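Structure, as structure tokens:
Numbered from 1 within each chain, the chains take letters A, B, ... in sequence-line order. Treat the numbers as computed from the prediction; the structure is a model and nothing was measured.
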There are 2 protein chains.
Amino acid sequence: MAQTRYHYPATSVDVVIFTLRADDLQVLLVRRKHAPFEGRWAIPGGFVEADESLEAAARRELKEETGVRDVYLEQLYTFGDPKRDPRGRVVTVAYLALVSAPLAVQAGDDASDARWWSVYKLPSLAFDHAKILQYALQRLRYKLEYTAAGFQLLPPSFTLTEIQKAYEIVLGEPLDKRNFRRRIAEADILEETGASTLSRGRPAKLYRFRDDAVAEVKTRRLFP
Amino acid sequence: MAQTRYHYPATSVDVVIFTLRADDLQVLLVRRKHAPFEGRWAIPGGFVEADESLEAAARRELKEETGVRDVYLEQLYTFGDPKRDPRGRVVTVAYLALVSAPLAVQAGDDASDARWWSVYKLPSLAFDHAKILQYALQRLRYKLEYTAAGFQLLPPSFTLTEIQKAYEIVLGEPLDKRNFRRRIAEADILEETGASTLSRGRPAKLYRFRDDAVAEVKTRRLFP
DNA sequence: TCAAAAGTGTTTGTGGTACACCCATGG
DNA sequence: CCATGGGTGTACCACAAACACTTTTGA
């Protein structure tokens, strides 16, 4: 790739895309077509174009890989170790994305293949991507503990049991049903759609987010 | 991916350096010697060198400006708007630093002058530095609410009243003396030096951090 | 002995957690 | 009528917040 004739690092973005599929927290990875790390799995990403903001670059990559727009996207951290890319100096700005529908994935130019992987059973990753992914996972869990971001992983309408399951999958621990429902109710961020599921057993009410709900719920301070 | 011949963005680091001086939360700014924004105040920073990690670049800038090493330093956010620097594309990785001693500042090559400014009375800043500074201030306040990072702003030994004042200055609100002392005691992060102040009134015991204290105190979750 | 700052406990309220049964529907 | 998943309330405990007086020293 671009040999740095001039001594500025190349700037790339990498987007860690999480979703919930099959009662599992999964992340989208692409298989690299070219050296270095040819054939290894990697977090989707690419170089920032000349007149494009970082977030725009991240959204472009996200669109190329998944076809989705208007999803939750936040900047995570910037990784700039001089040796993180064997081709030369590349500083990468990592983003975290949460998508709801487990839609068909589209491999971009840079990848021969793309698929969802359980975060609990990951393959060996290219570059320092294992580190980036762990960082993203930690941030996601942390975020769920004090914000309502977890809803971004769900379809537009969902039952209370579904959302509780989503939280349990991401956090990796069971939650109490009545307490969970009380907190959701108190947060006042959902509204009934009016519809219900028709499955086995008693039908469940469907909910959606209130458009005007505030996603960032502030914690009480612990210290001092 | 479009690998046309274009210049990668330049990569810089900017370091927002906070300290406590004169019962005030202050930030170190440098006056720019050259265009653009000649004569305007700016957050100290500079370009990342060829074989230097981002954090190393930030520490180098910090050292050039203040002469200090081994201080608290954390990556904040990366600002990459294509128009943020009129000279051309510059992506900057912002860092937050907390220093204790209000030491003499040393102007680096890039600045004709450097001084501490109260965060409550800032001059007009170059580039998008006002935005970066506000972001840093928000992060500092947030951090103080759930970690013991505030100690980094104090000299190696201090009284309980001093540290309470430090928290009050940064948070901008008064705290209850007995509750504050109880929380500090429960956190179990201080030890007595054995010495006391000799001022007017009753002498106060001096404390220092325990070397083995854990700085990151985890919050209880609020949601769900 | 007075002024100045340090130091010290208790009470009350709120929020967190644990816990078990009845309800609505389809087969 | 039974199996399946949906939906509901209370009691206890721990932590947070509010609050005022005594102690130690220097001048």
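Rounded to whole Å, the distance from CG on A:N179 to P on D:dC13 is 16 Å. In this structure, CG of B:D176 is placed 17 Å from P of C:dT12, rounded to the nearest angstrom. Rounded to whole Å, atom C1' of D:dT23 lies 11 Å from atom NZ of B:K177. The CZ-C1' distance, from A:R181 to C:dT17, rounds to 17 Å in whole Å. Atom CG of A:L206 and atom P of D:dG5 are 17 Å apart (whole Å). Whole-Å rounding puts the B:I184 CD1 to D:dC15 P distance at 17 Å. Put simply, CZ on A:F158 is 21 Å from P on D:dG5, counting in whole angstrom units. Between the OH atom of A:Y207 and the C1' atom of D:dG6 there is a distance of 10 Å, given to the nearest Å.
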All N/O contacts under 3.5 Å from nucleotides 24-27 of chain C to the protein, with atom names and distances to one decimal?
unit_1	atom_1	unit_2	atom_2	d
C:dA24	O4'	A:R202	NE	3.4

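Distance from the side chain of B:R183 is smallest to D:dA17 among C:dT17, D:dA17, C:dA6.
One N or O on the side chain of A:T193 and one on the backbone of A:L206 form a donor-acceptor pair closer than 3.5 Å. Side-chain atoms of B:R141 come within 3.5 Å of backbone N or O of B:V170 as a donor-acceptor pair. Side-chain atoms of A:R84 come within 3.5 Å of backbone N or O of A:V90 as a donor-acceptor pair. Side-chain N or O atoms of B:E168 include one that pairs as donor or acceptor with a backbone N or O of B:L175 at under 3.5 Å.
At a threshold of 4.5 Å between non-hydrogen side-chain atoms, the residues B:V27 and B:L137 do not count as touching.
Residue B:K205 is in sugar-phosphate contact alone, with no base atom involved, counting any heavy-atom pair closer than 4.0 Å across all strands shown. Using a 4.0 Å heavy-atom criterion, one finds that A:T159 contacts no nucleic acid atom at all.
Annotation: ring pair (Phe, Tyr, Trp, His ring centres under 6.0 Å) contacts of A:F158 (sequence neighbours excluded): A:F209. For B:F79, the ring pair (Phe, Tyr, Trp, His ring centres under 6.0 Å) partners are B:Y77, not counting sequence neighbours.
Judged by distance alone with a 3.5 Å cut-off, a donor-acceptor contact links the side chain of B:R178 to the base of D:dA20.
Taking the nucleotide of DNA chain D with the nearest heavy atom to each of A:A204 and A:R182, the more 5' of the two is matched to A:A204. Residue whose closest nucleotide on DNA chain C sits further toward the 5' end, between B:T197 and A:E186: B:T197.
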